[in-house]
Amino acid sequence: MATTNMDAGTRSRPMTAEERKVILASSAGTIFEWYDFYLYGSLAAIIGAQFFTPFPEATRNVFALLAFAAGFIVRPFGALVFGALGDLVGRKYTFLMTILIMGLSTFIVGLLPNYYSWGVAAPIILIALRMLQGLALGGEYGGAAVYVAEHAPQNQRGYYTSFIQTTATLGLLLSLIVILLVQGYVNGAYPDQPVLDAAGVAVMDANGNAVMQKAFNAWGWRIPFLGSILLLAISLYIRLQMNESPAFKKMKEEGSQSKAPLREAFGNWRNGKIALIALLGLTAGQAVVWYSGQFYALFFVQNVIRVDSFSANVFVAWSLILGTYGFIFFGRLSDRIGRKPIILGGCLIAAITYFPVFGLLTKTANPALHAAQQNQVVVTADPNDCSFQFNPTGTAKFTSSCDIAKAALSRLSVNSETVDGPAGQPATISVNGVVVATSYDAARLTGEDLATAKKAFDTGMNDALRTAGYPLVASENTTVAKANHFFDIFTGQKITIVLILTYLIVLVTMVYGPIAAMLVELYPTRIRYSGLSLPYHIGNGWFGGLLPATAFAISAQSGNIYAGLWYAIVVALMTVVIGALFVPGGTHKKDIFAD
């Protein structure tokens with residue numbers, strides 16, 4: 001196998017056939033692994049309805065996102081386990097283990113019965129499978145980044161590793177395309193089905209009619225998960241053809257491997273501070289920009305501004321197609337001007353522009369909702385009656401009149417503010433200064449009294465919101481963007497939506513394109529896999545993976561659909577400050593083989 005020219009003076013040159021094979025083999029397997037992981041994220045709202053049925057919609061959405069985030073929470077532990085294996089036994093065989101765990105876990109999700117069939121066991125098993133996926137992914141990225149970087153010419157590491165950086169987005173794009181194809185076929189061939197609650201009773205809409213769901217939402221969502229078994233077979237075949245990294249082979253031949261890579265990488269301050277600086281000054285901000293621009297944007301379009309899931313997937317898919325080259329562009333640019341200014345610049349631009357961009361997205365995609373949100377809606381409640389409605393364990397019960405009122409408004413994407421009311425009095429909702437609904441305390445009512453109070457509150461609130469222009473019934477909203485097929489984007493409204501989403505993707509490519517090369521350059525060969533994996537996966541797994549659930553919970557609690565963006569903005573600005581002060585510059589000129 002051809003080895004890399006390690007001379008610091010190597011000039012830029014075209015890729016050799018062997019280097020193209022390395023990048024193709026690494027990227028293809030990684031794309032499939034990200035596809036498996038992101039199927040859940042793309043279908044979070046649908047899966048939430050299947051596995052967290054007993055909870056109100058706002059809580060259910062948070063649960064669905066937390067189950068998605070569970071895979072991210074365990075990624076650092078996967079980074080420790082597989083990072084150490086990668087430094088001890090090699091990059092190639094670690095690849096094979098991670099893809100096998102990921103593929104089988106994804107396939108089993110497609111077989112798992114829902115809450116209505118298995119009760120609480122269903123969401124518990126779902127979360128366990130998500131955690132297995134996270135463990136596998138924790139070992140995947142570091143291996144791919146190191147493997148490609150150790151094959152790259154010195155002054156083209158950003159360019160070569162940028163192909164690995166495209167894999168997460170391409171995996172998401174592949175998952176969206178598969179979902180769109182399956183969704184189109186299933187919904188066209190099979191009839192709608194009623195939505196049932198945990199007791200098996202049909203759910204009613206604001207007009208008193210049974211809420212219907214597409215066949216894809218009921219059972220068709222399982223097909224992409226089951227089909228992933230084919231991608232697993234392809235991925236295993238590709239990875240079996242790969243050779244070991246030349247740098248690892250040379251290190252092994254010289255007997256210079258680390259005998260305890262985790263202790264060496266994190267057991268002393270000299271190396272430990274590199275991980276801390278990489279986390280807070282690079283990956284944390286990169287992660288929140290990445291997940292805001294892709295996953296939270298998709299969730300926001302589907303569940304907050306009420307664009308149907310098919311259309312939302314079409315718009316996001318087109319933005320990914322248009323924006324993905326940015327990974328290559330910024331990776332190559334980082335070889336010339338450095339990684340640090342590009343990554344920190346992307347974080348700063350995102351922090352400055354998120355509020356106006358997401359506001360424009362609402363105004364463009366659902367004009368009726370945006371217009372209605374200009375009405376003043378106020379919840380007046382005893383402050384002791386209001387809880388922070390973030391319930392990751394599922395044990396809290398939000399039954400007070402304040403909590404019921406705020407949850408109902410959040411479910412309908414109503415922007416509201418909460419003001420203090422008289423102690424002991426039930427919460428009221430007013431629209432433009434006129435009290436239109438009085439809430440109730442569900443803990444103090446039972447049976448018919450509870451049903452009567454709920455109906456009176458819902459009727460009063462819905463009537464007032466309709467009068468204020470809120471489109472409460474999706475089928476009656478003629479202003480919301482809708483794509484009838486994949487190429488149905490050529491109207492002013494739809495193109496604008498795609499361009500807004502593409503802007504968010506460009507920010508993603510700006511912070512993510514150079515990050516692999518940057519992390520590789522921070523560590524010596526003997527602990528490189530272990531060293532870079534942990535800060536990367538804590539940043540992306542915890543700061544980034546928890547973003548959708550955290551942002552949604554903040555928005556639901558505050559009564560403002562944009563309030564959750566503060567989480568991403570604060571973390572991004574933190575990274576800009578810490579990165580500017582402590583992250584070394586000029587790493588793109590470093591010889592990573594000097595050790």
Side-chain angles (χ1 to χ4, degrees), residues 42 44-46 57-58 61 176 180 183 205-207 211-214 217 292-319 353-377 407-416 431-432 461-485 488-505 548 551-552 554-556 558-565:
S42 301
I46 293 174
E57 184 175 354
N61 285 336
L176 292 179
L180 289 170
Q183 192 175 33
D205 65 18
N207 291 333
V211 177
M212 303 297 289
Q213 63 179 332
K214 297 293 185 180
N217 294 36
S292 295
Q294 294 195 157
F295 279 104
Y296 188 65
L298 176 60
F299 185 84
F300 185 86
V301 171
Q302 287 179 325
N303 296 281
V304 180
I305 55 178
R306 306 292 174 173
V307 175
D308 70 271
S309 62
F310 179 85
S311 299
N313 285 339
V314 167
F315 300 145
V316 171
W318 274 105
S319 73
T353 60
Y354 270 170
F355 276 121
V357 166
F358 276 84
L360 180 61
L361 188 58
T362 303
K363 184 176 182 179
T364 304
N366 196 339
L369 176 63
H370 180 267
Q373 287 174 341
Q374 307 315 304
N375 292 285
Q376 185 184 42
V377 178
L409 293 174
S410 174
R411 184 176 64 251
L412 299 172
S413 300
V414 177
N415 274 344
S416 64
V431 179
N432 294 327
M461 180 185 66
N462 291 338
D463 288 346
L465 294 177
R466 276 200 199 91
T467 302
Y470 275 93
L472 302 186
V473 179
S475 60
E476 297 175 359
N477 185 1
T478 59
T479 71
V480 68
K482 182 175 179 61
N484 295 310
H485 52 79
D488 183 20
I489 61 167
F490 297 104
T491 67
Q493 181 190 35
K494 297 169 192 174
I495 288 177
T496 302
I497 294 169
V498 171
L499 291 177
I500 294 170
L501 293 171
T502 302
Y503 168 78
L504 295 174
I505 296 301
F552 183 80
I554 292 171
S555 293
S558 68
N560 187 308
I561 66 172
Y562 306 109
L565 295 172

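Since we're looking at a predicted model, the values are computed, not measured.
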Heavy atoms of His370 and Gly359 approach each other most closely as CD2-O, 4.3 Å
Taken to the nearest 0.5 Å, the spacing of Asp463 CG from Thr467 OG1 works out to 6.5 Å
Derivation of the side-chain contact (heavy atoms from CB on, under 4.5 Å) call for Leu412 and Tyr470: CA-CA 8 Å; Leu412 299 172; Tyr470 275 93; 5.8 Å; no
Tightest non-hydrogen contact, residues Ala297 and Leu504, listed as CB-CD1, 4.1 Å
Checking Ile500, Leu361, Val316 against Val301 for side chain to side chain contact (heavy atoms under 4.5 Å, CB included), the one that qualifies is Leu361
Heavy-atom pair of closest approach, residues Gly293 and Tyr354: N-OH, 4.3 Å
Derivation and outcome, ring pair (Phe, Tyr, Trp, His ring centres under 6.0 Å), residues Phe299 and Phe295: CA-CA 6 Å; Phe299 185 84; Phe295 279 104; over 10 Å; no
I need the minimum non-hydrogen distance between Ala365 and Ile305, along with the two atoms involved. CB-CD1, 3.8 Å
Is the Tyr296 ring parallel, tilted or perpendicular to the Phe300 ring (thresholds 30°, 60°)? tilted
Mind running side-chain contact (heavy atoms from CB on, under 4.5 Å) on Leu298 and Asn313 for me, showing each step along the way? CA-CA 7 Å; Leu298 176 60; Asn313 285 339; 3.5 Å; yes
Value rounded to 0.5 Å, distance of CH2 in Trp318 from CG in Leu499: 12.0 Å
Rounded to the nearest 0.5 Å, how far does CG of Asn366 lie from CD of Gln493? 8.5 Å
As an exercise, state the distance from CD1 of Ile561 to OG of Ser413, rounded to the nearest 0.5 Å. 6.0 Å
Who passes side chain to side chain donor-acceptor pair (under 3.5 Å) against Thr491, sequence neighbours left out? none
Side chain to side chain contact (heavy atoms under 4.5 Å, CB included) partners of Asn217, counting only residues at least two apart: Ile46, Gln213, Lys214
Taking all non-hydrogen atoms of both residues into account, name the closest pair between Ser555 and Gly564 and its distance. OG-N, 3.0 Å
Under the salt bridge (Lys or Arg N to Asp or Glu O under 4.0 Å) definition, can you give me all pairs with a residue in residues 353-376, not counting sequence neighbours? none
Strictly by modelled atom types, are Ser309 and Gln183 linked by a side-chain donor-acceptor pair under 3.5 Å? yes
CG (Leu360) and CD1 (Ile497) are apart, to the nearest 0.5 Å, by 9.5 Å
What one should report as the nearest heavy-atom pair of Met461 and Leu409 is SD-CD2, 4.0 Å
Rounded distance (nearest 0.5 Å) linking atom CG of Leu176 with atom CZ of Phe310: 11.0 Å
Of all residues at least two apart in sequence or in a different chain, which pass the side chain to side chain donor-acceptor pair (under 3.5 Å) check with Thr479? Asn477
Below 4.5 Å, heavy atoms only, C-beta onward: do Val377 and Asn415 meet side chain to side chain? no
List in chain and number order the residues that pass side chain to side chain donor-acceptor pair (under 3.5 Å) with Asp308, two or more places apart in sequence or in another chain; answer none if no residue qualifies. Ser311
Sorted by chain and residue number, the side chain to side chain donor-acceptor pair (under 3.5 Å) partners of Thr502 (sequence neighbours excluded) come out as none
Spell out, as yes or no, whether a donor-acceptor pair under 3.5 Å connects the side chain of Asn432 to the backbone of Gln376. yes
